[in-house]
Amino acid sequence: MSQRLHLVFGGELVDPTRNAFKDVDDIHIVGMFSNYETAFNAWKAEAQKTVDNAHMRYFIAHIHRLRDEETEASPTEELG
């Protein structure tokens, strides 16, 4: 994959010390971005809107790092 896609999303966590969402159906998808800089700016804008809620978290997922299902897994990956 030549594009470096980043997904920005967030929602309310069950516990602020874990990354488990309170309601998966209520996850806020901010958007998909073609580079890290624009994804970071979107993440920061959303995170700042919810700074007073300790249970609210936003994340940047590096979609371009996901494994291609057509590519054979490495021996180390198969152990996990």
Side-chain angles (χ1 to χ4, degrees):
M1 177 182 275
S2 61
Q3 292 180 321
R4 295 176 132 327
L5 299 175
H6 300 82
L7 173 65
V8 178
F9 65 99
E12 194 166 357
L13 303 177
V14 174
D15 176 346
T17 63
R18 296 180 31 233
N19 291 337
F21 289 102
K22 190 175 197 177
D23 183 0
V24 175
D25 293 329
D26 199 29
I27 290 177
H28 175 212
I29 305 294
V30 178
M32 186 74 71
F33 301 89
S34 61
N35 61 63
Y36 183 79
E37 182 180 4
T38 56
F40 179 82
N41 291 337
W43 166 83
K44 187 174 180 180
E46 293 300 325
Q48 287 178 338
K49 289 179 189 176
T50 61
V51 72
D52 291 333
N53 182 348
H55 286 80
M56 194 65 138
R57 290 285 190 283
Y58 279 88
F59 302 90
I60 299 174
H62 299 265
I63 301 302
H64 61 277
R65 292 182 184 167
L66 293 177
R67 190 171 78 77
D68 182 359
E69 293 299 323
E70 299 294 319
T71 305
E72 186 174 326
S74 70
T76 305
E77 186 178 357
E78 289 177 356
L79 294 174

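We use all heavy atoms of the structure for the numbers below, so side chains are in, but hydrogens, waters and symmetry mates are not. This structure is a prediction, so every number in the text was calculated from the model and none was measured.
In this structure, the ring of H6 has its center no less than 6.0 angstrom from the ring center of F33.
Transitive grouping of hydrophobic side chains (ILVMFWY, heavy atoms separated by less than 4.5 Å) brings L66 and I27 into a common cluster. Criterion: ILVMFWY side-chain heavy atoms under 4.5 Å apart, direct or through other members. Under it, V24 and F59 are part of a common hydrophobic cluster. The cluster map of Ile, Leu, Val, Met, Phe, Trp and Tyr, joined by side-chain heavy atoms under 4.5 Å apart, puts M32 and I29 in the same cluster.
By the 30° and 60° cut-offs, the orientation of the rings of H64 relative to H62 is perpendicular.
There is a side-chain donor-acceptor pair under 3.5 Å between N35 and T38.
Atoms OG1 and NE2, on T17 and H55 in that order, are 8.5 Å from each other to the nearest 0.5 Å.
Between A39 and V8, the closest heavy-atom pair is O-CG2, 3.5 Å. The two residues P16 and A54 come nearest to each other via the heavy atoms CB-O, 3.5 Å.
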(request) Could you please spell out the steps behind the side-chain contact (heavy atoms from CB on, under 4.5 Å) verdict for L13 and F21? (result) CA-CA 4 Å; L13 303 177; F21 289 102; 3.9 Å; yes
(request) Start with the C-alpha gap between E12 and N53, add the side-chain angles, then the distance that decides, and say whether side-chain contact (heavy atoms from CB on, under 4.5 Å) holds. (result) CA-CA 9 Å; E12 194 166 357; N53 182 348; 4.2 Å; yes
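With H28 as reference, Y58 is the one residue of Y58, F9, W43 to meet the ring pair (Phe, Tyr, Trp, His ring centres under 6.0 Å) rule.
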